[in-house]
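Read through the structure below, which is laid out as structure tokens, and then see the notes.
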Amino acid sequence: MSTQHPTRRDMLVQTTTGVTGALASCAFAGTLFTPATTDTIRAENERPGTTEWLLTNTRVDPKTRYRCPWIEGYCSHTSIRAGETLDIMVSTNPPSPFVLDIYRLGYYGGTGGRHMVRLGPLPGKTQPDPDIGIERLRECRWEPSFSLTIPKDWISGVYLGKLTAEKEGVQSYLIFIVRDDRRCDFLFQCSDTTWNAYNRWPSQWALYDNGVKEWYWGPHVRVSWERPYGKYCQILDAPLSQGSGEFLLWEFPLAFWMEQEGYDVSYISNVDTHADGPGLLRAKALVSVGHDEYWTLDMYQHVQRAIQQGLNVAFLSGNTCYGLVEFYPNYKGRPHRALARLGVFGPLSDLDYRAFPEMRSFKHQGPDAARLMGAASVFPVTGGADWICVNEKHWLFAGTGMKNGDGIPGLVGWEWHGNPAPLPGLEVVASGTIKSRNVEATYTATIYPGPRGNYVFNAATIWWSDGLSAPPGYKHPSAHGAHPKGPDPRVQRITKNLFERFRASPGPLPS
């Protein structure tokens, strides 16, 4: 398969030095945003909801372990604005007519979704598996089954398309984000670079597969959004999320809870943070959610620059900003449709190299993620523990009743952050011991002040959202001896305290 791709950029830093100069040159041009409409989410969630968005009949081909060839599909965009056109590519094997029901996910009286449109029946056909391209890239070139112009009244959110083959009734999802440009309190950043990195469709073709080792952590592997999402491949067997990336696993409980509470939230992709740095300034706060492992250097610079201008950030996530990646265009030249690892953010230890010796092949190193987030991934990266209060007088714990030594069972996992950075005013608010791979380490949840009454909070766990809500169909994770117990009033109150402090802040300065 002949595909033109640019060479790796020479602008990437090779050590943590020189970052200040790169940031200084990262000035944002002035950007016009549409006015805030603070009741948008509350009004949307007063509309009738349904649980019909849930899959009831899906399958995985045991020969591939991950794909659902009976019906599967993907979209032409990770995120898209109202008024723009989304191409939807679907394959059915055996060929079968199919219907596509699109739902916006939210609270909706506890049902979790609102039905937006039914498309079809549409003719279905078996579309070809892609050739193996550069760096093991599997990039589908399927013909569009339908082109949808996003209606003007579809507000920002995460949208699921439920595909149903008429022949056997087998179902799977496709997923996309509708974004906007309005001023808002919160930007919910979906972790879709990480969804793509772990996507093994059609069989063993994730960023972790080099053709020799199933859990490879090195360069020279590339993955594309031009393909369906297969069944999630890591710690949780969740076939009912087939085709939705990792959103339903780690991120939806936060979106469900935020919309239940009526927070003024708008949704973006990791790609938007990369490509639209000025767009971060339309919000008072950015929220990193769940498993947010893969960042570009531009993402790091854009978020750090926005913090200096007054943006609040909540890292309600783990293993965040760990893998340094670069984006590539697809076969049509559309940008940001594939990614590959270039290195990691921050230094690696001898223990990291022992676990993944292929990391020594990286030629690039990004700046230290802890200097952005307050704490960052450290060896052994994985593990589980209770989330233990160590700073009971901090305003985060107001109204929780928590005292030093009190823990929220199983909330830390399965990847976490530690080694707090020496940032001015940084405080450790929760800390404890993690045991993993016969190694003991210390996780640290942190908070530090920005220059304009803003804050950066780091929960130091992928599973923070588990303590906020349990939407329909949600399955609690379990790994490394940690078993989060679901919604906890203390997690909810800490998050409210944080979000209300964010809302009370002045927000970012204009460029």
Side-chain angles (χ1 to χ4, degrees), residues 3 5 34 72-91 100-105 116-117 119 122 127 130 137-163 172-182 187-197 199 201 222-230 243-248 251 255 266-280 282 289 294 296 298-299 302 325-339:
T3 305
H5 295 279
T34 56
E72 52 192 355
Y74 65 95
C75 300
S76 60
H77 294 69
T78 56
S79 70
I80 191 167
R81 292 173 171 87
E84 296 177 341
T85 298
L86 184 76
D87 289 335
I88 297 169
M89 280 62 68
V90 178
S91 177
L100 171 60
D101 290 285
I102 297 178
Y103 300 85
R104 183 188 180 276
L105 297 185
M116 308 302 291
V117 68
L119 305 174
L122 300 167
Q127 306 232 39
L137 181 71
R138 303 302 299 270
E139 182 180 51
C140 295
R141 299 187 177 191
W142 292 358
E143 296 178 8
S145 302
F146 192 84
S147 294
L148 173 69
T149 299
I150 305 300
K152 292 289 188 180
D153 61 351
W154 284 21
I155 71 165
S156 180
V158 176
Y159 287 72
L160 281 183
K162 185 173 78 170
L163 297 161
S172 68
Y173 289 128
L174 51 82
I175 189 167
F176 61 95
I177 299 157
V178 173
R179 62 156 297 174
D180 57 28
D181 296 289
R182 67 181 182 87
L187 286 177
F188 185 115
Q189 178 190 251
C190 295
S191 301
D192 54 330
T193 53
T194 304
W195 309 350
N196 191 6
N199 181 16
W201 190 98
R222 196 176 300 193
V223 292
S224 174
W225 274 287
E226 303 290 345
R227 56 183 181 145
Y229 283 111
S244 64
E246 298 182 26
F247 180 78
L248 295 178
E251 302 174 35
S266 180
Y267 295 80
I268 59 172
S269 159
N270 285 138
V271 176
D272 294 316
T273 301
H274 167 88
D276 183 20
L280 300 176
R282 64 190 173 96
V289 192
Y294 288 100
T296 64
D298 286 347
M299 290 174 64
H302 290 163
V325 295
E326 183 175 28
F327 291 140
Y328 301 91
N330 70 0
Y331 63 96
K332 293 182 177 179
R334 176 179 290 165
H336 315 134
R337 292 297 290 169
L339 59 88

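Residues take their numbers from the sequence shown, with the count starting at 1.
With rounding to the nearest 0.5 Å, the separation of CG in Leu100 from OG in Ser145 is 9.5 Å. We find the CH2-SG distance between Trp201 and Cys140 to be 3.5 Å, quoted to the nearest 0.5 Å. Here Thr78 contributes atom OG1 and Phe176 contributes atom CZ; the two are 12.0 Å apart, rounded to the nearest 0.5 Å. Note that the OH atom of Tyr173 and the NZ atom of Lys162 stand 7.0 Å from one another [nearest 0.5 Å]. The distance from the OG atom of Ser76 to the CD1 atom of Ile88 is 8.0 Å, given to the nearest 0.5 Å. Atoms CG and CG, on Leu339 and Asp192 in that order, are 9.5 Å from each other to the nearest 0.5 Å.
Residues that satisfy the side-chain contact (heavy atoms from CB on, under 4.5 Å) test with Pro151, not counting sequence neighbours, are Asp153, Trp154. Glu84 pairs by the salt bridge (charged side-chain N to carboxylate O under 4.0 Å, His left out) definition with nothing, not counting sequence neighbours. In this structure, the salt bridge (charged side-chain N to carboxylate O under 4.0 Å, His left out) partners of Arg182, at least two apart in sequence or on a different chain, are Asp180, Asp264. Every residue two or more places apart in sequence or in another chain was checked for a salt bridge (charged side-chain N to carboxylate O under 4.0 Å, His left out) with Asp87, and none qualifies. Glu72 meets the salt bridge (charged side-chain N to carboxylate O under 4.0 Å, His left out) test with Arg67; sequence neighbours excluded. Evaluation of the side-chain contact (heavy atoms from CB on, under 4.5 Å) rule for His77 yields Ile80, Leu86, Arg334 as partners, not counting sequence neighbours.
Of all heavy-atom pairs spanning Asn196 and Tyr229, the tightest one is N-CE2, 3.9 Å. Scanning all heavy atoms of the two residues, the minimum distance from Ser224 to Glu226 falls at OG-N, 2.7 Å. Of all the heavy atoms in Asp272 and Ser79, the pair that sits closest is OD2-OG, 2.8 Å. Across all their heavy atoms, Thr85 and Ser147 have their closest contact at CG2-CB, 4.0 Å.
Contact of the Ile175 side chain with the Leu248 side chain is not registered, since no non-hydrogen atoms from C-beta on lie closer than 4.5 Å. Ile155 has its side chain within reach of Arg104: a pair of non-hydrogen atoms, C-beta onward, lies under 4.5 Å apart. In this structure, Pro228 and Trp142 have side chains that are in contact, with non-hydrogen atoms separated by less than 4.5 Å. Using a 4.5 Å cut-off on side-chain heavy atoms (C-beta onward), Thr194 and Tyr294 make contact. Using a 4.5 Å cut-off on side-chain heavy atoms (C-beta onward), Leu148 and Ile102 make contact. Between Phe247 and Leu160 the shortest side-chain heavy-atom distance does not fall below 4.5 Å. For the pair Tyr328/Leu137, no side-chain contact is recorded, criterion being any heavy-atom separation below 4.5 Å from C-beta on. Contact of the Cys190 side chain with the Glu251 side chain is registered, since non-hydrogen atoms from C-beta on lie closer than 4.5 Å.
Panel note: side chain Thr193, backbone Asn270; no donor-acceptor pair is recorded below 3.5 Å. Proximity of a side-chain donor or acceptor of Gln127 to a complementary backbone N or O of Val90 within less than 3.5 Å is detected. Remark: side-chain polar atoms of Arg227 are paired, donor with acceptor, to backbone N or O of Asn199 under 3.5 angstrom. With hydrogens and angles ignored, the 3.5 Å screen pairs no side-chain donor or acceptor of Arg179 with any backbone N or O of Ile268. Panel note: side chain Gln189, backbone Thr273; no donor-acceptor pair is recorded below 3.5 Å. Panel note: side chain Ser156, backbone Tyr267; a donor-acceptor pair is recorded below 3.5 Å. Distance alone, capped at 3.5 Å, places no donor-acceptor pair between the His336 side chain and the Phe327 backbone. Without hydrogens or angle criteria, Glu139 side chain to Pro130 main chain gives no donor-acceptor distance under 3.5 Å.
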